[in-house]
Amino acid sequence: MRRLLGITAFLALALLAVPDGTATAAAGDFIYVTSQSAAAVSVIDAVSRKVVATIDLTELGFSANCKPHHVAVEPDGSFWYVSLIADWRVLKFDRQNNLVGQVEFETPGLLSLDPELDVLYVGRSMAAVSPPMRIGRIVRSTMELEEVDVFFPRPHALVAAAGGGLVYTASLAENRMAAVEPAEEVLELVDIPGDIHALVQFALSPDGGTLVTGGQMSGEILVFDLSEPLAPELVKTFNIGGQPWHPVYAPDGKTVYFPQRTANAVAVVDTETWSLREQITGGGLIEPHGSAISADGRWLYVSGRNTSGKYGETAEGESPDGTLNFIDTESGEVVAVVNVPAYAAGVAAPSH
């Protein structure tokens, strides 16, 4: 595993050669991928598609089994955050990958940045059997934590709403979600029909008017209208199977991409007809997990856990590498695969 790079070495690696012979820093063009079985986070240059740094969390005093799970990055790339399931921590790093803050939170899972406020929301890990029925609200500048009651078990799916101050979360154990305004002490619970879905993660449309999620157990995609932000209305369900995991919208709002963990594919969903347009396969899309998209929508980044070792070669006694897949959204093809340490999970990239 690569050692944690110092600032000077990191900046040198982050310089990209351009045709006129000068060099320019690819500021803000880094993709962050957590490796849950390897206590590591990879920093990948989005242009060169090379790993420019691998943060070994054990070198920062965290356990070899800390399980870095999800990652979030500021829109301008100035800071990024990672949840450590087993070490009960949410960490804050700067652009140079210096650890600048941390807070304790039991079995943290998904992370979501408030688009307007100095707030980071955190849910509970899927691995947590009976965590507190609360989500976390962290002030990003100070890393001070407040826990917010949601009154249902295993709050997992999590996304901050457009406009700021409102967050949506959902239960893995029950067909229930919540719209929460922590500052106003407002919580509205929404019951969802059908068999248990085990809602994995949300994605919010670019205009803030639609919320989508997928059910691990049901294989269904659920679409909510947010005309009344505190009262999400379920307006469409349809089945794609394959355990739809962490979705992401295209910037134009016409498409939403769902990694299908057990189908080794990415579902391309048309948001005008709410139907499955196609499935992307190949490359290192083995047990695909997390997703992010470039600001212009041209490149889709999807992690592959690859715990089965079906992609690449694995030395005897070693865990298979995880993958980050670069997908051309115009052709629908995996055009590059970057190997990262074992069990690639969360993915994040700056939005600007």
Side-chain angles (χ1 to χ4, degrees), residues 4 10 27-36 38-44 46 53-57 59-62 66-126 128 134-148 155-161 164 167 169 182 201-204 246 248 289-292 301 303 324 340 344-352:
L4 178 64
F10 172 78
D29 287 332
F30 298 120
I31 307 162
Y32 300 87
V33 183
T34 61
S35 289
Q36 192 164 310
V41 182
S42 299
V43 184
I44 298 168
T54 300
I55 291 81
D56 182 343
L57 294 165
E59 293 190 349
L60 299 177
F62 301 102
C66 62
K67 295 185 178 179
H69 180 65
H70 201 223
V71 62
V73 59
E74 296 284 355
D76 64 358
S78 56
F79 296 97
W80 56 276
Y81 310 84
V82 61
S83 56
L84 307 185
I85 297 172
D87 278 14
W88 290 19
R89 290 290 188 279
V90 176
L91 310 182
K92 178 180 181 179
F93 291 83
D94 64 17
R95 194 194 303 270
Q96 289 73 38
N97 303 325
N98 298 304
L99 179 61
V100 296
Q102 60 180 289
V103 65
E104 182 176 343
F105 185 77
E106 182 177 337
T107 56
L110 299 180
L111 305 171
S112 184
L113 297 172
D114 190 288
E116 300 291 338
L117 304 181
D118 180 26
V119 168
L120 171 70
Y121 296 104
V122 54
R124 307 290 177 172
S125 166
M126 185 176 284
R134 298 186 296 273
I135 60 173
R137 183 180 186 270
I138 299 171
V139 178
R140 303 200 305 257
S141 57
T142 64
M143 294 300 287
E144 294 178 349
L145 169 72
E146 169 194 10
E147 295 203 9
V148 180
H156 187 263
L158 187 82
V159 69
V167 63
T169 185
Q201 177 56 322
F202 291 125
L204 187 69
H246 291 192
V248 64
H289 184 115
S291 65
Y301 315 119
S303 62
L324 179 68
V340 297
V347 180
S351 58
H352 295 167

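- With rounding to the nearest 0.5 angstrom, the CZ atom of Phe79 is 9.0 Å from the CZ atom of Arg95.
- Here the CD-CH2 distance, from Gln102 to Trp88, works out to 15.0 Å after rounding to the nearest 0.5 Å.
- Looking at every heavy atom in both residues, His246 comes nearest to Leu110 through CE1-CD2, 3.5 Å.
- Rounded to the nearest 0.5 Å, atoms OG (Ser112) and CG (Leu120) are 7.5 Å apart.
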Practice problem: Step by step, work out the side chain to side chain contact (heavy atoms under 4.5 Å, CB included) result for Asn97 and Phe30. | Solution: CA-CA 11 Å; Asn97 303 325; Phe30 298 120; over 6 Å; no

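- Contact record, Ala160 with Pro115: CB-CD, 4.0 Å, taken as the closest heavy-atom pair.
- Across Leu324 and Ser303, no two heavy atoms sit closer than the pair CD1-N, 4.2 Å.
- The minimum heavy-atom distance linking Pro68 with Ala39 is given by the pair CD-CA, 3.8 Å.
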Practice problem: Carefully, step by step, assess Gln201 and His156 under the rule side chain to side chain contact (heavy atoms under 4.5 Å, CB included). | Solution: CA-CA 7 Å; Gln201 177 56 322; His156 187 263; 5.6 Å; no

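- Shown here for Arg140 and Val119, the closest heavy-atom pair between the two residues is NH1-O, 2.6 Å.
- Contact check for Asp114 versus Val167: no side-chain heavy atoms found under the 4.5 Å cut-off.
- Atoms OG and CD1, from Ser42 and Ile55 in turn, are 7.5 Å apart once rounded to the nearest 0.5 Å.
- Side-chain atoms of Asn98 never come within 3.5 Å of backbone atoms of Val100 as a donor-acceptor pair (strictly under, hydrogens ignored).
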Quiz item: Given the rule in the side chain to side chain contact (heavy atoms under 4.5 Å, CB included) test, do Ile138 and Phe105 qualify, once you have shown the distances and angles that lead to the verdict?
Solution: CA-CA 10 Å; Ile138 299 171; Phe105 185 77; 5.9 Å; no

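- Paired with Tyr81 under the rule side chain to side chain contact (heavy atoms under 4.5 Å, CB included), one option of Val71, Val73, Val103, Leu111 passes, and it is Leu111.
- Not one N or O on the side chain of Thr34 forms a donor-acceptor pair closer than 3.5 Å with the backbone of Val41.
- Less than 6.0 angstrom separates the ring centroid of His289 from the ring centroid of His69.
- The main-chain N or O of Phe62 is never found under 3.5 Å from a side-chain atom of Asp87 such that the two would form a donor-acceptor pair.
- Taking CD of Gln96 as the start and OG of Ser78 as the end, the distance is 10.0 Å to the nearest 0.5 Å.
- Looking at heavy atoms from C-beta onward, Val340 lies in side-chain contact with Ile44 at the 4.5 angstrom threshold.
- Considering all non-hydrogen atoms of both residues, Pro75 and Pro350 come closest at O-CB, 3.3 Å.
- Between Arg137 and Tyr121 the shortest side-chain heavy-atom distance falls below 4.5 Å.
- Side-chain atoms of Thr107 do not come within 3.5 Å of backbone N or O of Arg124 as any donor-acceptor pair.
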Practice problem: I would like to know whether Leu57 and Arg89 meet side chain to side chain contact (heavy atoms under 4.5 Å, CB included); could you show each step before the answer? | Solution: CA-CA 12 Å; Leu57 294 165; Arg89 290 290 188 279; over 6 Å; no

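- Rounding to the nearest 0.5 angstrom, the gap separating the CG atom in Leu99 from the NZ atom in Lys92 is 11.0 Å.
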